[in-house]
Amino acid sequence: MFGLGRPTRRSPAPRPQAVTVNGRELPLTIREHARATRMTLRIEPGGHALKLTIPPGLPSPEIDAFLTRHHGWLMTRLARVPDTGPLAEIGKITIRGVVHRIEMTGKLRGLAEVTEIDGEPVLLVSGNPEHAGRRVSDHLKRVARAELEVLVAGHAAELGKKVRSISYKDTKSRWGSCTSEGNLSFSWRIAMAPDFVIDYLAAHEVAHLAEMNHGPNFWATCKRLCPRTDEGKRWLKQNGSRLFAVKF
């Protein structure tokens, strides 16, 4: 006699890892959140990736259906984000709010250097063209460090606060952060923004040394350190995605 045996359990359907929109394949990160009651889809700054927050244990078919329903929304929103392409093909970069033409020097070594040729701002870059992105990003990191460390020191002195450390990262969404221990972190991409925006970001994070929140006292402190706070905040909201979209 033959027994029926135990039924085989079906493996859960795999969750999608990418979504194709307007011909662009975008990585999709799916994050379960214990307190989530619905699905929330977010386009990461720069338009290079998507993030979906879901309630725990949500079946894959429901996720697929949600993404299908929101495909039109994604098409509309992503059409506003430029697909910049590699930096070497664009041939220009914005430094402290000023557009610079990238010119390869033909030299094998040497740091990137800002100059002016025939009245046009130029960034001279050494090395092979395929390494231009890395050399330009290295230059932006140096600019960010030079600008922010002076601004942070000045703002912290005005508040009578101490900064324990400053670090620089290529973050996906946040321009800066501050811990209660006095550790500040910034996205070095802010070096592409105008000077008043860089100052606003420095003031914003230093203000957190006094107010670890975004309440009225925090914004009053931020505006005292940087009178152009509202303007800087608005500029980042309107242009931040464009900076995150640059591919190095």
Side-chain angles (χ1 to χ4, degrees), residues 27 29 31-35 40 42-46 48-49 51 53 93-97 111-112 133-248:
T29 300
R31 174 172 163 264
E32 293 189 357
H33 196 290
R35 298 172 65 180
T40 304
R42 173 181 176 179
I43 300 172
E44 297 285 13
H48 297 314
K51 181 178 180 181
T53 302
I93 188 66
T94 302
I95 305 172
R96 294 174 61 186
L111 299 177
R134 178 171 56 83
R135 292 183 180 272
V136 172
S137 65
D138 286 344
H139 180 76
L140 291 175
K141 293 172 188 177
R142 291 191 293 272
V143 172
R145 184 177 293 106
E147 295 297 313
L148 284 167
E149 290 188 358
V150 172
L151 292 168
V152 165
H155 293 322
E158 187 170 344
L159 292 183
K161 298 291 183 178
K162 290 186 178 181
V163 176
R164 183 176 179 182
S165 68
I166 304 177
S167 61
Y168 303 89
K169 303 176 182 179
D170 190 10
T171 53
K172 299 295 183 182
S173 59
R174 299 180 66 179
W175 286 106
S177 63
C178 174
T179 70
S180 56
E181 292 81 17
N183 300 314
L184 274 60
S185 178
F186 296 98
S187 168
W188 51 260
R189 288 174 179 261
I190 197 64
M192 291 184 277
D195 287 346
F196 76 89
V197 181
I198 300 175
D199 184 34
Y200 156 66
L201 181 60
H204 185 115
E205 299 309 331
V206 169
H208 278 310
L209 296 174
E211 300 285 341
M212 291 297 291
N213 54 66
H214 286 106
N217 290 339
F218 165 81
W219 288 113
T221 301
C222 195
K223 290 177 182 179
R224 177 157 61 89
L225 296 175
C226 174
R228 299 180 71 178
T229 283
D230 289 340
E231 190 179 352
K233 183 180 179 182
R234 183 166 56 251
W235 193 97
L236 275 182
K237 183 177 181 180
Q238 295 173 347
N239 300 281
S241 289
R242 179 170 55 83
L243 305 189
F244 279 119
V246 178
K247 297 177 183 177
F248 293 94

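Since the model is a prediction, treat every value here as computed from it, not as a measurement.
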(message) Measuring from atom CZ of Arg242 to atom OG1 of Thr94, what distance do you get when rounded to the nearest 0.5 angstrom?
(response) 6.0 Å

(request) Working to the nearest 0.5 Å, report the span between CD1 of Ile190 and CG of Leu148. (result) 7.5 Å

(request) Grab the two heavy atoms, one from Val163 and one from Ala156, that are nearest each other, plus how far apart they are. (result) CG2-CB, 3.9 Å

(message) Would you say that Trp235 contacts Phe196 through its side chain, given a criterion of any heavy-atom pair below 4.5 Å between the two side chains?
(response) yes

(request) Check the pair Lys169, Ser185 against side chain to side chain contact (heavy atoms under 4.5 Å, CB included), reporting the backbone distance first and the verdict last. (result) CA-CA 7 Å; Lys169 303 176 182 179; Ser185 178; 3.7 Å; yes

(message) Can you tell me how far apart CZ (Arg134) and NZ (Lys141) are? Round to the nearest 0.5 Å.
(response) 9.5 Å

(message) Ignoring hydrogens, what is the shortest heavy-atom contact between Ser165 and Asn183? Give both atom names and the distance.
(response) OG-OD1, 2.8 Å

(request) Run the ring-centre check on His139 versus Trp188 and record whether the distance is less than 6.0 Å. (result) no

(request) Report yes if the side chains of Glu149 and Tyr168 come closer than 4.5 Å at any heavy-atom pair, otherwise no. (result) yes

(request) Could you tell me the separation between the CZ atom of Arg228 and the CG atom of Asp195, rounded to the nearest 0.5 Å? (result) 9.5 Å

(message) Can you give me the closest heavy-atom contact between Met212 and Thr179, atom names plus distance?
(response) CE-C, 3.9 Å

(request) Looking only at non-hydrogen atoms, find the nearest pair between Leu184 and Cys178 and report the distance. (result) CD1-SG, 3.7 Å

(message) Please give me the minimum heavy-atom distance between Ala207 and Thr221, naming the atom from each residue.
(response) CB-CG2, 4.0 Å

(request) Please test Lys233 against Trp219 for side chain to side chain contact (heavy atoms under 4.5 Å, CB included), starting from the C-alpha separation and ending with a verdict. (result) CA-CA 11 Å; Lys233 183 180 179 182; Trp219 288 113; 3.6 Å; yes

(request) Compare every heavy atom of Phe244 with every heavy atom of Thr171, then report the nearest pair and how far apart it is. (result) O-CE2, 3.1 Å

(request) Output yes when Asp170 and Arg189 qualify as a salt bridge under the 4.0 Å nitrogen-oxygen rule, no when they do not. (result) yes

(request) Can you measure from CD (Glu231) to CG (Leu236) and round to the nearest 0.5 angstrom? (result) 11.5 Å

(request) Please determine which of Asn217, Asp230, Val206, Thr229 meets the side-chain contact (heavy atoms from CB on, under 4.5 Å) test together with Cys222. (result) Thr229

(request) Count the heavy atoms of every other residue, nucleotide or ligand shown that sit under 6.0 Å from CZ of Arg224, and state whether that count exceeds 12. (result) yes

(request) Measure the shortest side-chain to side-chain distance between Phe248 and Ile93 over non-hydrogen atoms and say whether it is less than 4.5 angstrom. (result) yes

(message) Return the SG to CD1 distance between Cys226 and Ile198, rounded to the nearest 0.5 Å.
(response) 11.5 Å

(request) Take Leu225 and Glu158, measure what side chain to side chain contact (heavy atoms under 4.5 Å, CB included) needs, and give me the verdict at the end. (result) CA-CA 8 Å; Leu225 296 175; Glu158 187 170 344; 3.8 Å; yes

(request) Kindly indicate, with the supporting measurements, whether the criterion side chain to side chain contact (heavy atoms under 4.5 Å, CB included) is fulfilled by Ile95 and Met192. (result) CA-CA 4 Å; Ile95 305 172; Met192 291 184 277; over 6 Å; no

(message) Would you say the ring centers of His204 and His214 fall short of 6.0 Å from each other?
(response) yes

(request) Could you tell me whether the side chains of Asp199 and His155 share a donor-acceptor contact shorter than 3.5 Å? (result) yes

